[in-house]
Each structure stands twice: as C-alpha cells, then as structure tokens.
Amino acid sequence: MTDIVRSLSPAEQARARSFQSVNGIGRVLLSPTTRDESGAHFKTAWISILLPLIPIGRYYLQEVSSLSTGVRTTTRYHIIGRSRLVGAEVVRTYLYCWLIAPLVGAGPAALLLSQADELADSIGVFGLIALFLITLTASITLLSFGTNLARSRFFTPRTVILQDKPPTYGVK
C-alpha cells in the first residue's frame, strides 16, 4: 500500500516535537510500522491516559537517539512528514492495548490470584508469590515475543511518496 507523506510546516514541526507523557498521561507515539530501507517508519500519535484513547495524527519518522535513565526513556525522532490515519492501524492499536495486552500480560496472573487461597494452603505463601512472579514474567515475555514475531512476519514496509510542500487548500 502507498502512503502520501507531506512535509510539515514550521508550526507543525514545533507541535510534533512535543510528544511526551508522564506516567502514561499525555501525547504518545504508538503502533510503529515496519521500517523501510531508509530506516524510517510510521507511528501514530495518540492522546493517552494509561491506554491510548484518541488518535491525533500519523507521522513518518526516523529514530535519532534513545536514552534510558532509570525508569524513564527518552527517544528523539527526526519527523520527515505527516500522513493520513490508517483505520486498520488504529483498530490494531485499540485491540492490542485494550484487549490482547491485558489478557495475555495480566490474564494468567489474575487467574492465578483468583485461586490464591487454595494455592497458598498447598504450596505456601512464598511459593504462591514465586509462582505469581514467574507467571507474570512469562506472560509479559510471551507478549513481547509474540508482538515482535507478528511484526516481523506479517507486516511489510509501506511504500512512501513524499510531497515537499504542505497543501494550500485553494490558495493560489
């Protein structure tokens, strides 16, 4: 599928640089597509309160650098341009973040905790805690592996057509 990417005006460039969230609340870039031969890919900008709520734009960008300090990660991007939202990507993000990730990531641990009394009696409290941590770690690992496998197997880089000038919408 071909995507038309238009250059951003200076005002749009300034707004696009301000993606940030604090404790999951803010504007975030999610749902990356497969990188093309230049290393660029699309990401959708979302308004987020712990989970993505409203898609607000789709950008074609390259990762410039990433810095992790403790629990905070800062990623810098070179934003090449903006494209239209793709419905399938929006639906995929909703399904992943609202359904698949919670079910696979926390579902087994929640099921384990629902049987906590019986398990604590049979394997002890420390055994239950260890089993809970192992189950949670395995679930998150499976989710991460499955996500990476699906991305590498089922998604191909999209074809990009770059437009140098932002549209003028009737101005001559």
Side-chain angles (χ1 to χ4, degrees), residues 1-107 139-171:
M1 174 165 258
T2 301
D3 284 299
I4 297 173
V5 175
R6 66 173 182 82
S7 298
L8 300 179
S9 68
E12 289 175 312
Q13 276 284 353
R15 272 196 316 270
R17 288 195 179 111
S18 64
F19 292 109
Q20 64 182 5
S21 67
V22 176
N23 297 329
I25 300 171
R27 293 177 10 150
V28 296
L29 290 168
L30 297 173
S31 46
T33 60
T34 304
R35 295 178 194 273
D36 59 20
E37 62 276 351
S38 69
H41 60 282
F42 290 95
K43 278 193 170 187
T44 303
W46 291 83
I47 292 175
S48 172
I49 300 177
L50 300 180
L51 294 170
L53 298 176
I54 302 167
I56 55 176
R58 185 168 177 259
Y59 295 91
Y60 185 59
L61 45 83
Q62 287 180 317
E63 187 174 315
V64 175
S65 65
S66 186
L67 173 67
S68 293
T69 55
V71 294
R72 180 181 175 145
T73 300
T74 302
T75 305
R76 301 208 184 278
Y77 296 101
H78 167 66
I79 298 175
I80 299 167
R82 186 175 175 142
S83 180
R84 66 175 176 74
L85 287 171
V86 174
E89 290 176 7
V90 171
V91 169
R92 187 174 67 225
T93 301
Y94 278 130
L95 284 174
Y96 181 82
C97 293
W98 285 86
L99 185 65
I100 295 170
L103 283 176
V104 174
S139 297
I140 292 170
T141 302
L142 177 66
L143 183 64
S144 178
F145 176 76
T147 302
N148 289 334
L149 180 67
R151 225 179 248 145
S152 67
R153 287 242 170 140
F154 303 114
F155 300 115
T156 58
R158 300 176 69 95
T159 305
V160 174
I161 298 173
L162 294 172
Q163 288 183 345
D164 290 334
K165 294 182 181 179
T168 55
Y169 301 112
V171 177

**OP:** Please report the closest heavy-atom contact between V28 and S48, naming both atoms and the distance.
**Re:** CG2-CB, 3.8 Å
Subject >> ring pair (Phe, Tyr, Trp, His ring centres under 6.0 Å) involving Y59 - partner list, sequence neighbours excluded >> reply: F19
Original post:
From L85 CG over to F42 CZ, what is the distance, rounded to the nearest 0.5 angstrom?
Top reply: 11.5 Å
**OP:** Starting at OH of Y94, measure out to CG of L53 and round the result to the nearest 0.5 Å.
**Re:** 7.0 Å
**OP:** Quick one: list whatever passes side-chain contact (heavy atoms from CB on, under 4.5 Å) with L50, sequence neighbours left out.
**Re:** none
Original post:
For I140, what residues pass the side-chain contact (heavy atoms from CB on, under 4.5 Å) criterion, not counting sequence neighbours?
Top reply: L136
Subject >> CD1 on I80 to NE2 on H41, rounded to 0.5 Å >> reply: 10.0 Å
Subject >> Those residues that, when tested against T147, pass side-chain hydrogen bond (donor to acceptor under 3.5 Å, both in side chains) (two or more places apart) >> reply: Y96
Original post:
Can you name the nearest heavy-atom pair linking G57 to R82, along with the distance?
Top reply: CA-NH2, 3.5 Å
Original post:
L142: what forms a side-chain contact (heavy atoms from CB on, under 4.5 Å) with it, not counting sequence neighbours?
Top reply: V104
Original post:
Closest approach of T44 and P55, non-hydrogen atoms and distance?
Top reply: CG2-CB, 4.1 Å
Original post:
What pairs meet the salt bridge (Lys or Arg N to Asp or Glu O under 4.0 Å) rule with one or both residues in residues 31-59, with sequence neighbours excluded?
Top reply: D3-R58, R35-E63, R58-E89
Original post:
Who pairs with I25 by side-chain contact (heavy atoms from CB on, under 4.5 Å), at least two apart in sequence or on another chain?
Top reply: I49
**OP:** For I56 and W46, work out which heavy atoms get closest and say how close.
**Re:** CG1-N, 4.1 Å
**OP:** Answer yes or no: is there a donor N or O on one side and an acceptor on the other, between the side chain of Q163 and the main chain of G81, under 3.5 Å?
**Re:** no
Original post:
If every non-hydrogen atom of L61 is compared with every non-hydrogen atom of Y77, which pair is closest and at what distance?
Top reply: CD1-CD2, 3.4 Å
Original post:
Is there a donor-acceptor contact under 3.5 Å from the side chain of W98 to the main chain of P52?
Top reply: yes
Original post:
Can you tell me how far CG of L149 sits from OG of S144, rounded to the nearest 0.5 angstrom?
Top reply: 11.0 Å
Subject >> N/O donor-acceptor pair under 3.5 Å between T75 side chain and L67 backbone >> reply: no
**OP:** Mind checking side-chain hydrogen bond (donor to acceptor under 3.5 Å, both in side chains) for S31 and listing every partner two or more places apart, or none if nothing turns up?
**Re:** T93
